[in-house]
Amino acid sequence: MDDRYRQACLSAMGIVRYVRRGRLPGDMTTELAETSPEPVQESPRQHESKPAAAANVEPAVDSWQQLKSRVKNCTACELHVARTQTVFGVGDEHAELMVIGEAPGAEEDRQGEPFVGAAGQLLNAMLLAVGLRREQVYIANIVKCRPPGNRNPSKTEAAACRRYLDRQIELIQPRVILSVGAVSAHNLLLSDESVGRLRLRPHQYGKYNIPLLVTYHPAYLLRSPAEKAKVWQDLQKLVQLMR
């Protein structure tokens with residue numbers, strides 16, 4: 001990636017690339033690295049060597065098209081009552097990285113795509129800062145329908161959607177999962193610890209033990225920009241995992 005382009009992405013995140021003497025404002029004491037990590041290199045995927053996961057899911061759901069149709073017509077929880085449309089997910093269906101957020105908001109409900117507002121723009125900048133374009137990853141949420149008033153989805157609602165998300169993960173077989181936000185982390189890891197604690201430890205997800213990294217949600221960063229430096233540290237860990 002061109003150096004000026006990378007710097008523009010870092011600037012969009014509010015990250016200062018060169019920090020030699022000063023420290024971050026407030027209580028933050030970790031200096032940012034003087035250089036950005038090398039971009040993640042795309043590698044050919046050997047799809048034929050993946051374990052056959054379909055046998056462990058509902059037999060009727062054996063393709064992307066069938067799964068999309070099932071989600072589109074789902075009435076498993078009350079969230080379907082007020083939705084404009086479902087928000088299935090978007091991106092490379094053979095991606096090395098899968099990003100899992102919380103729940104669709106108003107704009108996502110209108111467009112049928114996750115992370116399309118201001119938080120989505122920041123997520124795009126976060127990915128670009130480590131050499132990944134939005135279309136190179138796969139982005140989904142814990143639930144496929146917008147909770148009324150943009151509230152957090154309930155445990156019952158998340159549980160009703162879980163089989164769809166797990167099937168997406170099995171079809172994609174990502175190398176790494178990036179969990180953004182508390183709702184995502186709590187449901188994926190079955191934990192009630194804070195994101196601040198969960199992001200400091202390595203995790204694995206599912207029967208394939210996929211490495212999972214927890215970080216703050218872009219919407220939270222828009223409200224708390226001082227935390228962007230911590231997310232930059234998390235993204236550097238992400239690059240290491242993907243290598």
Side-chain angles (χ1 to χ4, degrees), residues 37 39-58 61-64 67-68 71 87-103 114-115 123 126-127 130-144 153 155 158-218 231 233-243:
V40 176
Q41 298 297 319
E42 292 184 81
S43 59
R45 301 298 301 272
Q46 301 297 325
H47 304 301
E48 63 278 8
S49 65
K50 290 181 180 179
N56 297 305
V57 190
E58 297 177 25
V61 183
D62 58 3
S63 71
W64 278 106
L67 183 61
K68 290 174 183 177
V71 169
V87 181
F88 182 80
V90 68
D92 183 355
E93 294 176 354
H94 304 295
E96 301 279 345
L97 173 65
M98 185 171 183
V99 180
I100 302 178
E102 301 184 337
F115 286 94
L123 176 63
M126 289 163 57
L127 294 171
V130 292
L132 287 168
R133 299 186 305 277
R134 180 183 176 96
E135 58 268 24
Q136 287 179 281
V137 307
Y138 195 89
I139 305 172
N141 284 315
I142 290 294
V143 296
K144 309 300 186 189
K155 290 183 179 180
C161 245
R162 185 59 171 264
R163 65 186 185 274
Y164 301 136
L165 179 62
D166 280 343
R167 183 59 180 148
Q168 286 176 301
I169 294 171
E170 287 186 306
L171 287 168
I172 296 167
Q173 292 273 311
R175 181 178 294 179
V176 182
I177 293 173
L178 179 65
S179 171
V180 294
V183 172
S184 173
H186 291 169
N187 280 280
L188 292 173
L189 298 175
L190 302 179
S191 169
D192 59 1
E193 289 189 83
S194 68
V195 171
R197 292 178 63 86
L198 291 172
R199 61 174 286 273
L200 298 175
R201 303 197 305 272
H203 306 278
Q204 293 181 322
Y205 182 78
K207 60 187 176 185
Y208 299 121
N209 296 319
I210 301 171
L212 185 150
L213 188 69
V214 174
T215 194
Y216 294 107
H217 196 284
V231 174
Q233 295 166 6
D234 296 337
L235 292 176
Q236 291 175 321
K237 294 177 186 176
L238 174 66
V239 170
Q240 293 172 359
L241 284 174
M242 294 189 67
R243 285 175 179 166

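It should be emphasised that the depicted structure is a prediction, and the values quoted were computed from it without experimental measurement. Heads up: numbering here begins at 1 and tracks the sequence.
Note that CE of Met242 and CG of Leu97 are 5.0 Å apart. Values are rounded to the nearest 0.5 Å. Distance check: Leu235 CG to Gln240 CD gives 11.5 Å after rounding to the nearest 0.5 Å. Rounding to the nearest 0.5 Å gives a distance of 11.5 Å between OH of Tyr208 and CD1 of Ile169. Taking NE2 of His203 as the start and CG of Leu188 as the end, the distance is 10.5 Å to the nearest 0.5 Å. With rounding to the nearest 0.5 Å, the separation of CG in Asp166 from CG in Leu171 is 11.0 Å. Atoms CG and CE, on Asp234 and Met126 in that order, are 8.0 Å from each other to the nearest 0.5 Å.
In this structure, Lys144 forms no cation-pi arrangement with Tyr164, as its terminal cationic atom is not both closer than 6.0 Å to the ring centre and no more than 45° off the ring axis.
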Between Tyr138 and Trp64, does a ring-ring contact (aromatic ring centres under 6.0 Å, His included) hold up when you go through it step by step?
CA-CA 13 Å; Tyr138 195 89; Trp64 278 106; 5.6 Å; yes
Report the C-alpha separation of Leu165 and Ile100 in whole Å, then their side-chain angles, then the decisive distance to 0.1 Å, and conclude whether the side-chain contact (heavy atoms from CB on, under 4.5 Å) test is met.
CA-CA 9 Å; Leu165 179 62; Ile100 302 178; 4.1 Å; yes
As a quick check of understanding, evaluate side-chain contact (heavy atoms from CB on, under 4.5 Å) for Ile172 and Arg167, giving each step before the final call.
CA-CA 9 Å; Ile172 296 167; Arg167 183 59 180 148; over 6 Å; no
Begin from the C-alpha positions of Leu198 and Leu189 and carry the test side-chain contact (heavy atoms from CB on, under 4.5 Å) through to its verdict.
CA-CA 9 Å; Leu198 291 172; Leu189 298 175; 4.3 Å; yes
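Pro211 and Leu241 make their closest contact through CB-CD2, 4.3 Å (heavy atoms, listed as atom of the first residue, atom of the second, distance). Smallest separation of non-hydrogen atoms from Ala103 and Pro153: CB-CD, 4.0 Å. The shortest non-hydrogen separation linking Gln136 to Gly131 is OE1-O, 3.9 Å. Between Asn187 and Leu190, the shortest heavy-atom distance links the atoms O-CD2, 3.6 Å. Of all the heavy atoms in Ala158 and Val143, the pair that sits closest is CA-CG1, 3.8 Å.
In this structure, Glu96 contributes its side chain and Arg175 its backbone to no donor-acceptor pair below 3.5 Å. In terms of modelled atom types and a separation under 3.5 Å, the side chain of Asp92 and the main chain of His94 share a donor-acceptor contact. Checked by atom type and distance alone, the side chain of Gln168 pairs as donor or acceptor with a backbone atom of Phe88 at under 3.5 Å. A distance-only check finds no donor-acceptor pair linking the side chain of Ser191 to the backbone of His186 [under 3.5 Å].
For Glu93 and Lys68, the salt-bridge test passes: some basic side-chain N is under 4.0 Å from an acidic carboxylate O.
By the 4.5 Å heavy-atom criterion applied to side chains, Ser179 and Thr215 are not counted as neighbours. Annotation: side chain of Val90 is in contact with side chain of Arg134 (closest heavy-atom distance under 4.5 Å). Val180 has its side chain within reach of Leu178: a pair of non-hydrogen atoms, C-beta onward, lies under 4.5 Å apart.
Remark: Val195 engages Ala182, Val214, Tyr216 in a side chain to side chain contact (heavy atoms under 4.5 Å, CB included) (not counting sequence neighbours).
Sorted by first and then second residue, the pairs that involve residues 185-194 and meet salt bridge (Lys or Arg N to Asp or Glu O under 4.0 Å), not counting sequence neighbours, are Glu193-Arg197, Glu193-Arg201.
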